[in-house]
Undergrad: 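Please read through the structure below; I'll follow up with questions.
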Amino acid sequence: MIEALVLTGFLGSGKTTLLGHLLRQPAFSRTAVIINEFGEIGLDHDLVEVSEESIIELQTGCLCCKIRNDLATTLHEMLRRRDEGSITPFTRVVIETSGLADPAPILQTLMTDLTIAGRIVLAGVVTTVDAVNGADTLDREEISVKQTAVADRLVLTKTDLAGPTQPSFIERLRALNATASVLAVQWGQIDPASLFDGRLYDPFTRSLDVQSWLSTKAVSHAHAGQRHAVNTYAIMRTDPIRAVALTLFLETLSEHCGADLLRLKGIVNILESPDRPAVIHGVQHVFHPPSWLARWPSDDRRSRMVFITRGIPRGWVEALLDALDAEVAAVSANRS
Amino acid sequence: MSALSEHLRELMAQSLHAWRLTGSVRGTGDGAVLVCCQEHNIRIEPAPSDSPFRWIVVFDNRSRAAISLVAVLRMVRAALDPGYTAMRARIAPFPLVPT
């Protein structure tokens, strides 16, 4: 399975600098890169010094909206050329979005497109945040809030220019995304392992490693007072959840919440599968087919789901899950 | 009020909040749930036991049958939130148990 890392962040937040540094590291020697530039003249690919054959630039528009199909087509073509042996057999793909891109549709493409499904797996989302201008950008640009909210890793850039990072800014980032770790860098220099340590992608389960997500202490944050409120919370259930109830739950979330459900990840104790928990992962209205762990990763067998949403009340999510599970239980009882 | 009706009452109350609608939700003595919002009264009651449906939703003097709480939720929202357009679900086929 080839891992795909999505590198996003607002304009000028240091994505290309970070990417340039990463690609000079031996660990990234077999990495293919897709750079999406928004504008008439692309520069980023010239700023990243690696072998030309492994860089593809998508320049016709913003990756998230105009040329989303191009991403799937490009990935498919890269896989074909890899299989033919006409390009280096890359083991990782980095997709650098334009600074104006909404990362959610890109994640959905990676999760659902049949031409690449089964060969490329989303390994994580890294979002660069400018320590100098980041706070102002969050105030002004909704897309910056979203880029921050969906990240698995937040990389705080330009810390050499900003001086000591204000604790209030870190707190604000954590309020937007309590599950992502925050890494501070200067001049884009970062240990590549820090972006992958914690195993965002678990090769054994072939899914995002929810343990790293769920390790955050009882996440519950609301970014109140902002124009585009993002709230994060975890829902836990001790009793197993019926598989049909979980399906209905995900479908109803998709139907009623759509774009406001920025990300959902969870490990679920399914009544019909007590020894093999299901791992669920959704971005907006698209849910990845659940994967099944071979066993519980710890003695904790509670279902745990982490939500990053734009204004979806926790109480509604909890009431929905409880009601659906109760109804499915009642139907099952009537039939038996 | 049955346990399931209590879940329904709580779900409707939370739904009004989630949809940013002002109103009230209460249980009735006969096991139904009454949603009062925007000058509308919606009554949700368990369907007769011999019916293939599970719920009856009464709104504007019309009774509609619902096969599940998911359908009830969809009907109530459509009634109270005319601007709402359901997102077309795109959920990959869900293996209910490990294969």
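The sequence lines fix the lettering, A, B, ..., with proteins before strands; numbering per chain opens at 1. Keep in mind that this is a model prediction, so the values were computed, not measured.
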Undergrad: Given heavy-atom pairs under 4.5 angstrom as the criterion, report whether the side chain, backbone, both or neither of B:Leu4 touches chain A.
TA: side chain
Undergrad: Measure A:Ala326 against the heavy atoms of chain B and call it side chain, backbone, both or neither at under 4.5 Å.
TA: both
Undergrad: Which heavy atom in B:Arg20 sits nearest to a heavy atom in A:Gly311, and how many Å separate them?
TA: NH2-O, 3.8 Å
Undergrad: For the pair B:Glu10 and A:Trp316, evaluate side chain to side chain donor-acceptor pair (under 3.5 Å) and give the outcome as yes or no after the intermediate values.
TA: CA-CA 9 Å; B:Glu10 175 65 14; A:Trp316 182 78; over 6 Å; no
Undergrad: Check this for me: B:Leu21, atom CG, are more than 12 non-hydrogen atoms of other residues, nucleotides or ligands nearer than 6.0 Å?
TA: yes
Undergrad: By a 4.5 Å heavy-atom criterion (distance strictly below it), what part of B:Ser49 contacts chain A: side chain, backbone, both, or neither?
TA: neither
Undergrad: Check side-chain contact (heavy atoms from CB on, under 4.5 Å) between B:Ala65 and all other residues, then give those that pass, not counting sequence neighbours.
TA: B:Phe53, B:Ile56
Undergrad: Distance check, rounded to the nearest 0.5 Å: B:Leu69 atom CG versus A:Leu248 atom CG?
TA: 9.5 Å
Undergrad: State whether the side chain of B:Arg77 and the backbone N or O of A:His256 hold a donor-acceptor pair below 3.5 Å, judged by distance alone.
TA: yes
Undergrad: Just verifying a value: how many Å separate A:Asp322 CG and B:Glu6 CD, rounded to the nearest 0.5 Å?
TA: 11.5 Å
Undergrad: Does the side chain of B:His7 reach to within under 4.5 Å of the side chain of A:Leu321, using non-hydrogen atoms?
TA: no
Undergrad: Do A:Leu320 and B:Leu73 have side-chain heavy atoms sitting under 4.5 Å apart?
TA: yes
Undergrad: What distance separates B:Trp55 CH2 from A:Glu327 CD, expressed to the nearest 0.5 Å?
TA: 6.5 Å
